[in-house]
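In what follows, a single structure is set out as structure tokens and then discussed.
Every chain is numbered from 1, with letters handed out A, B, ... down the list of sequences. Predicted, not measured: the structure shown is a model, and the values here were computed from it. Side-chain atoms are counted along with the backbone in the values below, which use heavy atoms only and exclude waters and symmetry mates.
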Amino acid sequence: MDALLRCEGLERSFGRVQAVAGVSLAVAEGETYGLLGPNGAGKTTSISMIAGLLEPDAGQVVILGDRMTPRATAAKRHVGLVPQDLAIYPDLTARENLAFFARLYGLERARRDRRIDEVLEVIGLSERAGDRASTYSGGMKRRLNIGIGLLHAPRLLILDEPTVGVDPQSRNAILESVENLASVGMAVLYTTHYMEEAERLCDRIGIIDQGTLIAEGTRRELVATIAEQDLVRLKVVGDAAGAADACQALPGVGSADAEDDTVVCLLDEAASHLPALLEAVAATGASVAGVEVKEPDLEDVFLHLTGHALRD
Amino acid sequence: MLRAALTILRKDTRLRLRDRSVLLFAFVVPVALTLVFSLVFPQQDGFRLDAGVVDLDGGEVAGGFTEVLLPALADEGLVAVTRFPDEAAARSAIEDGEVSAAWLIPAGFTSQVTSGGGGELRLLVNPDHTLSAQVAQGIADGYGAGLDRISLAVATAATAGQGQLGPDVLEALAADAATAGVLVAVDDLVAPDRQLDPTSYLAAAMAIFFLFFTAAFGITGLLEERDQGTLARLQAAPIGILAVHLGKALGAFVLGLVSMLVLALASALVLGAPWGPASASGVVGVAILIVAAVLSSLGVMALVGSFARTAEQAGNLQAIVAMTLGLIGGVFVPVGGGVLGQLALASPHGWFLRGLGDLAGEQVWTAVLPAAAALVGFGVVTAVPGIVRTWRQTP
């Protein structure tokens with residue numbers, strides 16, 4: 001994998017509190033990498049070091065071969081940052097906000113004007129570009145916040161919990177925007193404590209807790225680390241015990257037990273085995289009145305790895 | 001770096017122009033307060049003491065007061081004197097408001113003085129006319145100093161066995177005392193730091209007072225960026241944090257400078273109260289003082305701001321310091337000489353006003369250099385630790 005971003009052994013303390021204790025990760029070109037962890041896990045501190053806001057106590061960050069530090073300029077040109085809190089000027093219009101940051105990133109006038117129009121289109125604020133940001137809804141401000149990070153067409157976009165405190169509609173719009181950016185090849189580093197967002201957006205996920213990256217991989221790889229199987233509950237009309245025996249005989253089914261009128265199966269990849277299960281039950285003369293499938297998720301992985309829930 | 005700093009300056013200027021509170025502090029309030037104060041308080045350059053004198057002595061020493069000292073003060077335009085035949089008439093005139101004060105020279109005054117026993121010059125005043133009473137007292141004190149010298153001369157002559165002094169000597173001593181009295185009185189009324197006319201003083205005082213608030217707006221810009229989350233964006237941009245600091249400092253400097261220039265022009269053109277002589281030298285002198293004052297305000301406010309963690313905290317601290325320095329510096333009440341005058345020089349405000357006074361007195365721009373140097377000194381001494389502290393607090 002050609003790493004666009006490479007972090008090695010990042011450490012950072014604030015007084016006696018060690019916020020980050022040895023985080024190493026890599027993000028490839030066009031990859032969406034999720035940093036998943038509860039509040040206070042060290043996500044924002046890690047992001048701050050990766051974006052050049054904080055000097056690491058130890059370790060290093062390299063982006064496209066350029067080392068990132070608070071004084072670095074070359075590495076910073078590759079990165080677009082979307083901070084967790086809104087980072088816009090309320091008394092400037094969306095266009096003025098974008099123009100200001102475009103100048104800071106050294107965009108020449110012609111390119112600047114073109115990029116501002118493009119970004120306004122992407123974040124859906126073209127119609128309100130001349131209005132002061134203070135008059136925008138919360139969702140519009142969030143979108144402008146993201147737009148500023150996109151302005152200079154960075155190779156790596158860092159989004160630090162961009163959906164915190166956002167209404168469901170705006171949240172969905174933000175997630176769609178991130179999906180669109182990833183689809184055009186932009187590398188994205190996305191921190192969140194929402195498991196659903198990480199599962200939806202990220203090619204790979206790093207799980208961070210107490211300043212340490214405790215697991216990393218695709219969703220499937222992470223779930224596999226805890227060796228849990230999917231659980232399928234079939235509500236049966238007819239002979240539940242017979243139906244359970246039929247299910248048990250299928251390949252890939254770990255166990256199938258009858259509980260009253262329900263057959264409870266444990267198996268790998270429920271989605272792919274479900275049709276065969278339904279056919280096996282039907283072959284016994286029983287019929288299925290209801291199906292419930294529960295796959296292990298990142299919440300389970302996190303619980304398994306840390307002993308506490310993601311949102312504790 | 002300079003390009004990025006100018007970009008930040010441009011953005012901040014746009015934001016400041018949209019922030020009415022800054023415009024109010026920088027431009028509107030100082031002019032409005034100057035107007036109000038100049039209407040409420042009497043114009044001291046038009047001040048004249050309407051006083052009476054009762055000469056029950058008629059001797060030569062009393063004549064020194066009534067015929068030499070008072071006419072000299074009248075020639076200066078400071079006093080208009082009415083003679084009254086007796087104390088009752090003087091009291092009546094005071095009660096009727098015809099005069100604010102009256103000096104009463106008792107019978108035997110000259111002989112008391114010439115015999116070395118000193119003399120008592122009584123003063124009648126209208127207690128409601130505080131300023132007039134103070135001026136009348138000042139004149140009496142000045143003359144009293146002359147009397148002391150005469151008494152001393154008489155006593156010395158007596159001790160040397162020369163007996164009574166001749167009329168020519170007495171006349172010379174009386175004239176001397178009168179002249180000394182004039183000098184003392186005029187100096188009291190036109191002290192070095194009061195050479196600026198009152199409206200100009202008031203306008204300049206209000207301008208530098210609010211300059212410190214204006215500078216505070218600029219200096220707290222970095223904390224505001226931190227509070228609203230945009231500092232992270234600035235730090236993430238490929239410009240270097242020095243450009244951010246430079247941009248903020250430039251913004252504060254330009255805002256302060258423009259504020260002072262506008263107020264100086266408004267004072268001259270709207271209030272008819274220029275801060276300096278109407279000459280090229282005067283303009284240069286005022287300009288030097290303005291630049292020095294802006295630098296001092298930035299330094300002081302940078303140091304104060306470095307002790308705050310939020311823009312609100314900084315604003316509160318800076319307001320306290322600006323108020324205190326303004327009071328010490330004689331912004332609201334001219335402090336004159338003495339201890340208060342010396343204390344005023346512990347404040348940039350005091351130096352600024354003193355510099356304008358020096359310029360008005362000497363009429364050449366070089367007169368402001370000591371005050372300007374003191375102001376720049378204030379700026380440097382406070383800015384260095386302020387910058388170091390702020391730099392250390394920036395990740």
Original post:
Which of residues 118-139 of chain A get closer than 4.5 angstrom to chain B, counting heavy atoms alone?
Top reply: A/R132
Subject >> chain A contacts, top residue of B/A4, B/P238, B/G229, B/A237 (heavy-atom pairs, under 4.5 Å) >> reply: B/P238
Original post:
When heavy-atom pairs shorter than 4.5 Å are enumerated against chain B, which of A/I158, A/I88, A/I148, A/V82 gives the highest number?
Top reply: A/I148
Subject >> More than 12 heavy atoms of other groups within 6.0 Å of B/R309 CZ >> reply: no
Subject >> More than 12 heavy atoms of other groups within 6.0 Å of A/E29 CD >> reply: yes
**OP:** Measure the CD-OH distance between B/Q228 and A/Y89 for me, rounded to the nearest 0.5 Å.
**Re:** 6.0 Å
Original post:
Who wins among B/A232, B/A236, B/A243 for the most heavy-atom pairs under 4.5 Å with chain A?
Top reply: B/A236
Original post:
Checking heavy atoms, do the side chain of B/L242, its backbone, both or neither come under 4.5 Å from chain A?
Top reply: neither
**OP:** Drop me the distance from B/I241's CD1 to A/R71's CZ, to the nearest 0.5 angstrom.
**Re:** 11.0 Å
Original post:
Looking only at heavy atoms, which of residues 91-107 of chain A get nearer than 4.5 Å to chain B?
Top reply: A/D91, A/L92, A/T93, A/E96, A/F100, A/F101, A/R103, A/L104, A/Y105
Original post:
So with a 6.0 Å cut-off around CD of B/E312, is the heavy-atom count from everything else above 12?
Top reply: no
Original post:
Is a side-chain donor or acceptor of A/K76 paired with a backbone partner of B/Q235 at a separation under 3.5 angstrom?
Top reply: yes
**OP:** For chain B, find which of A/D85, A/L86, A/N145, A/V79 contributes the most heavy-atom pairs closer than 4.5 angstrom.
**Re:** A/N145
**OP:** Check whether any side-chain heavy atom of A/P83 sits under 4.5 Å from a side-chain heavy atom of B/R233, and report yes or no.
**Re:** yes
Subject >> Interchain contact, A/L81 with chain B, by part (heavy-atom threshold 4.5 Å) >> reply: both
Original post:
Checking B/E225 against chain A: side chain, backbone, both or neither under 4.5 Å from a heavy atom?
Top reply: side chain
**OP:** Please check if atom CZ in B/R3 has more than 12 non-hydrogen atoms from other residues, nucleotides or ligands closer than 6.0 Å.
**Re:** no
